[in-house]
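Just passing along the structure, written as structure tokens.
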Amino acid sequence: MCGLAGIALKSGYSITNEQKELLKNALAHRGPDGSGEYAGEDAVLIHTRLSIIDLDGGKQPLSSPNKEFLVANGEIYNDLELRNSLLDYPFQTGSDCECILPLWQQFKEEFPEKLRGMYGVALVDVDEDTLILSRDPFGIKPLYYACVEQGIVFASEAQALIKASFVQPTLRQEGIESLLQLQFIPGKETIFQNIHRLLPGETLIIQDGVIVLKKRIEVFKEQTQIISNPDFALSELDHILEETVRVHERSDVPFGLFLSSGIDSSIVLKMMQRLGQEKRVRAWTARFETDDRQGYVADETDQASLLAKQVGAEHHIFSITQEQVWQYLPQIVACMDDPVADYAIIPTWFLAKEASQSVKVILSGEGGDELFAGYGRYRKASQLWWRGGKKMYRKGVFDQTDYLRSSLSSWRDEITAYENACDFSSMTRLTKAQKIDIETWLPNDLLIKLDRCLMAHGIEGRVPFLDKKVAEFAFSLSDSLKVQNRQGKWILRKWLEKYFSESKPFAPKLGFSVPIGLWIEQQAKILAPVVSQQAGIKAIAFSDKILPLFEKASGRKERYMAWNLLFYALWHQIHIVGQSPNGSVTDILAA
């Protein structure tokens, strides 16, 4: 798990040593254990390392006898199996990413089809004057690029391209609209002009500083055989979960788990106990500290504690106070260079901060809802319109309100274009809804959140549900094994009922709430004046309406609007104006 950057150069161009250092420094938090560099006539590769596998010998760039050089960010979970099939290759390290070099030699741009894992990859083939960029099919690991005068520059984070002066932080209006309305920005384009994402599963072949070929692996593949027998499905699920969690635990450093009381993390917890590779599972759970005057806030720590006790886990519970949120929120927003206005970034960042004191790898439950149809919006989308069915992402946060200067007409264009380009004819309404989320929400909200919040503290995040074998199984399930009696993730609940009944998988869940709307309301008279005067907010919202909105931010719709404006005000001040994030929310916004 690391940071990578570099450039595929056009003939006659170069980059300065200062730019190399700026790229390296901008990604230092992703790789606090060391750095490396390859500098050739046609390309430059830069790597910052977080040591997880082969601590002593796995330094990058990795190289082959054929003059190929590789930097990678991620984990290849089938590395050991691949090595057994590549016996003729002279491996030089125990790094799980080295297998990519012989795979490129043998399969060229088809090599990602052989990988099982999460990755952003940059590979230089000197003899072929070629640079290859590739990203894993779910988009677990990020990779950004920009076409500039010198060629094509790339990095694990968009902010590195800006800090190294390759790209100016010029905002794209469509990106702002998507962020405000959706809380994330779907598709290839980011909020910045001329900074693009590699799409999940995409591979770019670059020669002479120009993209000459694009290929993409589709993660959501329709299965020819549908599993509808629940007993068979449960047996298959148990086998796949055990094997998947086992390979996700491959590590030369301590690892742990983010534990809620929910279905997904409960499954990972129980499977980690079954495998028993560590004497005790280490787990972290967060709660928000409130008093009676602040109203009820859903708290899952009691149930999480019960589950941890049942498996004998070393369980760490910590409280997040309102004062801590106002103090650290600028630092949280600072790590979200590709902005995600999902207030789940708050507990995720604090969980990473706590866990980083003990471990360097965290397993987490992201992806369970998307693969096994856990969200209520899937059930609504699967109904016919006359039975209450609702289109995915049919409304934006600010729809039918008058807080903003613009009607935000383009906020759904990217999702609409995606829907129009896809062939959903062979899918059920449920699988169509899942596919839309897996291609839009998952990589550009949940996975950006997890990557940035963990890497800000030098921790690797692993997501066992977002695994090739788990996906193949999930996509082969009939709708009835995913949703029954108005409950999603039915087959996962049945697994827990059989193997971990203490989790009460069919009972109503409390969930986990962030009291950010209530806290904004309580601090409205302090926050509203500094938010309303911030340059980014003045450009998009009516300043005189910020205070009335913040004063009722505990309402459901008002909470989202108030939070989105507060987030954007901070994000703009830090990432566009250039304000240091070291200080409280009011310090940053008043600067």
Between E177 (side chain) and S410 (backbone), is there a donor-acceptor pair under 3.5 Å? yes
For I191 and G175, the nearest pair of non-hydrogen atoms, with its separation, is CG1-C, 4.0 Å
Any side-chain to backbone donor/acceptor pair from S364 onto V463? Under 3.5 Å, distance only. no
Check the side chains of T170 and Q168 for a donor-acceptor pair under 3.5 angstrom, ignoring hydrogens and angles. no
Without hydrogens or angle criteria, can the side chains of Y343 and R559 be said to hold a donor-acceptor pair below 3.5 Å?
yes
Notebook entry, point to check: Taking NZ, NE, NH1 and NH2 as the nitrogens, is one of them in R412 or E419 under 4.0 Å from a carboxylate oxygen of the other?
Noted result: yes
Handout entry: Donor-acceptor contact present, side-chain H575 to main-chain P169, <3.5 Å
Key = no
Just wondering, do L4 and L143 contact through their side chains at under 4.5 Å, heavy atoms? yes
Short side-chain to backbone donor-acceptor contact, S543 and S532, under 3.5 Å = yes
For F192 and W571, run ring pair (Phe, Tyr, Trp, His ring centres under 6.0 Å): C-alpha distance rounded to whole Å, both residues' side-chain angles, the deciding distance at 0.1 Å, then the answer. CA-CA 13 Å; F192 300 108; W571 185 90; 5.6 Å; yes
Exercise for review: Scan side-chain atoms only and decide if R377 and S382 contain a donor-acceptor pair under the 3.5 Å cut-off.
Suggested key: no
Do the side chains of R30 and E157 get close enough for a salt bridge, i.e. N-O under 4.0 angstrom? yes
- Item | D337 (side chain) donor-acceptor with A158 (main chain) under 3.5 angstrom | yes
* Ignoring hydrogens and geometry, is there a side-chain-to-backbone donor-acceptor pair from Q60 to C2 under 3.5 Å? -> no
CD (Q303) and OG (S266) are apart, to the nearest 0.5 Å, by 7.0 Å
Exercise. Tell me yes or no: between the side chains of D369 and Y378, is some donor less than 3.5 Å from an acceptor?
Key: no
Quiz item: Quick one: are F255 and M272 in side-chain contact, heavy atoms under 4.5 Å?
Solution: yes
field: Distance under 6.0 Å and angle within 45° of ring axis: K432 vs F424
entry: yes
So CG of L447 and CG of L442: to nearest 0.5 Å the spacing works out to 4.0 Å
Interatomic distance, CD@E521 vs CD@E558, rounded to 0.5 Å, equals 9.5 Å
**Report entry** Ion pair R216/E439, N-O distance below 4.0 Å
**Finding:** yes
- Query: Under the 3.5 angstrom rule, does the side chain of Q324 hit a backbone N or O of T321 as a donor-acceptor pair?
  - Reply: yes
W349 six-ring face occupied by R452 cation (under 6.0 Å, within 45°)
no
Sidechain-backbone polar pair: K449 side chain, T348 backbone, donor-acceptor under 3.5 Å
no
Proximity of F288 and W519 rings by center, below 6.0 Å: yes
Interatomic distance, CG@L161 vs CG@L23, rounded to 0.5 Å, equals 7.0 Å
| request: Measure from the side-chain N and O atoms of T203 to the backbone N and O of S134, and report whether any donor-acceptor pair falls under 3.5 Å. | output: no
Minimal heavy-atom distance between G139 and P200, with the atoms involved, is N-CB, 3.6 Å
*Carboxylate-amine/guanidinium contact E75 R462, below 4.0 Å*: yes
**Asked** Taking atom types as modelled and ignoring hydrogens, do the side chains of K395 and Q400 form a donor-acceptor contact shorter than 3.5 angstrom?
**Response** no
* Asked: Are the aromatic ring centres of H248 and Y77 under 6.0 angstrom apart?
  -> yes
Q) Is the side chain of D136 donor-acceptor paired with the backbone N or O of G117 at a distance under 3.5 Å, no angle test? A) no
